[in-house]
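Have a look at the structure below before the remarks.
Heavy atoms only: backbone and side chains are in, while hydrogens, waters and symmetry mates are out.
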Amino acid sequence: MADSPLLSEPDVDAVAVPVAPAVAGDEDEGPAPRRGAASTAYRYGIDLAELAERAGLTGAAGESFVVQLPRPAGSGVTLPWTGLPPRIVLVGIGASTDTDLRRAGAALARASRGLRRVVTTIGDDAGHSESQAARAARALVEGYLLAAYVPPTAARKPAAKPAADLVLLGRDGTRVGAAVDAARTTATATWLVRDLASTPSNTKNPEWMAEQARRLASGPGFEVSVRGPRELAAEGFGGILAVGAGSASPPRLVTVTWTPPTYGGRSGSGRHVVIVGKGITYDTGGLSIKPRESMVPMKTDMTGAAVALATVLGAARAGVLHRVTAVLPLAENHFGASSYRPGDVLSMYGGTTVEIANTDAEGRLVLADALAWADATLDPDVLIDVATLTGAATVGLGKQYSALYGTDDALVTALERAGTDSGELTWPMPLVPEYDEAVHSSVADLRHVPEDKKIGAGSVTAALFLRKFVGERPWAHLDIAGPARAASDKHEVTEGATGYGARLLLRYLSDLS
């Protein structure tokens, strides 16, 4: 790296230097500061390799160590540099894979909160071609922005904000610029999901969510429709109405469609992708009431709807060449004199009858209505639903992977690849034919939770139930109950609502031919 004049500017608050793991056979077996280290060490008169070793750094992706340097003080003092920044940040970059650079960006964001301008060469040596440089820049910036997120708060003392400027030294070109824009788009979508999911449920009811959709999707190319209780009853949305019946906040069904300017004028090459998101704005469990501890995070039970909305908005911002529709079935699962009950039989959209066994399995009911309606009226080429649906998915896959089901192998493969590329991982799961009996009922067309507890596989049986409402469309189901919430910050994931799903779906849409 050339000795950038940015290093001497007075408004540079930090210089971030990449540190890689030691290479076997090197004389110096310690961590190795990479590109930009020599220039930084010379300018500031410090041995970065020694500092990294003394700090215990290994160069693993996501490590960081802040070197706080005092500014020159006093007159008549001769120093070998000018414009000394208050800190140097050593950041581990691992093998400079996308995941490594995303983690490095996240570590840098957390180490530079409250600053004005941070400059870095991290990711500059990840590859020699412009496309490699662009990919590295996207991963770094995406990780930085995701970890820089500040959740909404009613506290009087706000949290420290991220650095106002992140300057990537040694990179230019249209591909790099486009990659940075793509990182902004996906991070913005994730931030929106986190904001919506973190909003307290005394503010966030179905009507409020519908208003957010109207407000955010008010630009050219968008079409928004909202169905209230009267329209839902007239059109036969028995699942959504039943789930919302016990609440003082009536349910809604919101549809947000973005149509690109060129859609329909490209020899039919544009697809129509419909994303249905579970929108339970608060979940008490209904009459099958949850324990208190389980209720605490239930303001995030509408994360699927937030993901669907953010994906449509992100697709418009990214200029995706496909028509994208978000369908948001919104309800509050409360309890009261008009609550639906175990043993009830509901008539869903399209006439399918469902026996209720557990009112705390409400998500699949609102999804079933919305999926059946989307299949019957929207004519999608691809139908995807996303939901914080089952604890079973979390038990089976933990907090890093979502459970991925689907009726179309190509769609499942594409979503799995998009998950790997975006860092939002999925695990393909089977729609086990032998478990199909779990959704059979003796008093209705379907039973929405298994009667035979020996079957288990709660995530699988929920997916089998939903499959009954998608017709013959290529369909995929993402059960994001695990990765949608986090108990603490880790890399680009933030405590609380993580925003999982928006990046995955935007990557899928951008790759869709």
Heavy-atom distance under 4.5 Å between the side chains of T325 and V273, does that happen here?
no
Distance, nearest 0.5 Å, that separates OG1 of T311 from OH of Y508
12.0 Å
By side chain to side chain donor-acceptor pair (under 3.5 Å), D445 pairs with (sequence neighbours left out) T353
Can you check whether R117 reaches V167 side chain to side chain, under 4.5 Å on heavy atoms?
yes
Could you walk me through whether D301 and K278 pass the salt bridge (charged side-chain N to carboxylate O under 4.0 Å, His left out) check?
CA-CA 8 Å; D301 208 23; K278 173 186 170 185; 3.0 Å; yes
Any donor-acceptor pair under 3.5 Å linking the side-chain atoms of R135 with those of Q132?
no
Smallest heavy-atom separation, L506 atom then A315 atom, equals CD2-N, 3.4 Å
Between D381 and H272, does any side-chain donor sit less than 3.5 Å from a side-chain acceptor?
no
Rounded at 0.5 Å granularity, tell me how far CZ in R252 sits from OG in S225.
12.5 Å
Would you mind reporting whether R184 and L145 have side-chain heavy atoms less than 4.5 Å apart?
yes
Side chains of Y401 and T426: do they bring a donor and an acceptor to under 3.5 Å?
no
Do T190 and Y149 have side-chain atoms, one donor and one acceptor, less than 3.5 Å apart?
no
So, do V15 and V89 sit near enough that their side-chain heavy atoms are less than 4.5 Å apart?
no
With no hydrogens and no angle check, is any side-chain donor or acceptor of T498 less than 3.5 Å from a backbone partner on T494?
no
Under 4.0 Å between a Lys/Arg side-chain N and an Asp/Glu carboxylate O for R473 and D379?
yes
In the structure I gave you, are the side-chain heavy atoms of L478 and L505 within less than 4.5 Å of one another anywhere?
yes
Holding to side chain to side chain donor-acceptor pair (under 3.5 Å), I want the full list of residues that pass it with Y349, two or more places apart in sequence or in another chain.
none
Excluding sequence neighbours, so at least two apart, what forms salt bridge (Lys or Arg N to Asp or Glu O under 4.0 Å) with K468?
D436
Under a plain distance cut-off of 3.5 Å, with no hydrogens placed, do W475 and D385 share a side-chain donor-acceptor pair?
yes
K490 vs E495, test: salt bridge (charged side-chain N to carboxylate O under 4.0 Å, His left out). Steps then yes/no.
CA-CA 8 Å; K490 186 175 182 181; E495 180 181 355; over 6 Å; no
With a 4.5 Å limit on heavy-atom distance, are the side chains of F465 and V354 in contact?
yes
For E223 and T259, test the side chains for any donor-to-acceptor distance below 3.5 angstrom and give the result as yes or no.
no
Can you confirm whether the side chains of R317 and T188 place a donor and an acceptor under 3.5 Å from each other?
yes
Can a donor-acceptor pair be found between the side chains of R485 and T300 at a distance below 3.5 Å?
yes
So do the side chains of V324 and I275 get within less than 4.5 Å of each other, counting heavy atoms only?
yes
Salt bridge (charged side-chain N to carboxylate O under 4.0 Å, His left out) between R103 and E492: does it pass, once the steps are laid out?
CA-CA 6 Å; R103 291 178 175 183; E492 70 269 26; 5.1 Å; no
